[in-house]
Amino acid sequence: MADKPGWMFLADTLIRAYLHMNPEELADEEWAHQIAMAEWVKQDLTVSLWRTK
């Protein structure tokens, strides 16, 4: 994700959309951890949606 332009905004959006958290309120380490969690949720949701078709 970090190799894409605007990756920080994308990361914040993932946290807001999938975890319903405000990324501005997180400490740096928490923010990094929540990015990993949001990416996992996104991947899991995508896989789940493909399995239901």
Side-chain angles (χ1 to χ4, degrees):
M1 178 187 319
D3 57 341
K4 298 178 183 177
W7 68 272
M8 191 172 282
F9 298 113
L10 177 60
D12 284 350
T13 301
L14 287 175
I15 291 174
R16 290 181 194 278
Y18 292 113
L19 304 178
H20 307 283
M21 299 173 78
N22 183 355
E24 296 172 9
E25 296 176 353
L26 301 173
D28 290 345
E29 288 183 15
E30 285 180 291
W31 183 83
H33 177 74
Q34 296 308 327
I35 292 301
M37 297 308 297
E39 288 180 337
W40 179 82
V41 169
K42 178 183 171 191
Q43 178 66 27
D44 189 60
L45 178 64
T46 303
V47 168
S48 295
L49 290 174
W50 279 104
R51 286 185 187 160
T52 60
K53 290 184 177 184

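The figures that follow rest on heavy atoms only: side chains count, while hydrogens, waters and symmetry mates do not.
By the rule that hydrophobic residues join a cluster once side-chain heavy atoms approach within less than 4.5 Å of another member, Met8 and Leu26 end up as members of one cluster.
Every residue meeting the side-chain contact (heavy atoms from CB on, under 4.5 Å) condition with Leu45, not counting sequence neighbours, appears here in chain and number order: Tyr18, Leu49. Under the side chain to side chain donor-acceptor pair (under 3.5 Å) criterion, Glu24 pairs with Arg16, sequence neighbours left out.
Atom CE of Met37 sits about 10.0 Å away from atom CE of Met21, to the nearest 0.5 Å. Distance check, rounded to the nearest 0.5 Å: CG of Leu10 to CD of Glu39 gives 8.0 Å. Taking CG from Leu14 and CH2 from Trp40, the interatomic distance works out to 14.5 Å, rounded to the nearest 0.5 Å. Atom CD1 in Ile15 sits 11.5 Å away from atom CD in Glu25 (nearest 0.5 Å).
Counting non-hydrogen atoms of other residues, nucleotides and ligands closer than 6.0 Å to CG of Asn22 gives a total above 12.
The salt bridge (Lys or Arg N to Asp or Glu O under 4.0 Å) pairs that include a residue from residues 6-15 number zero, where partners must be two or more places apart or lie in different chains.
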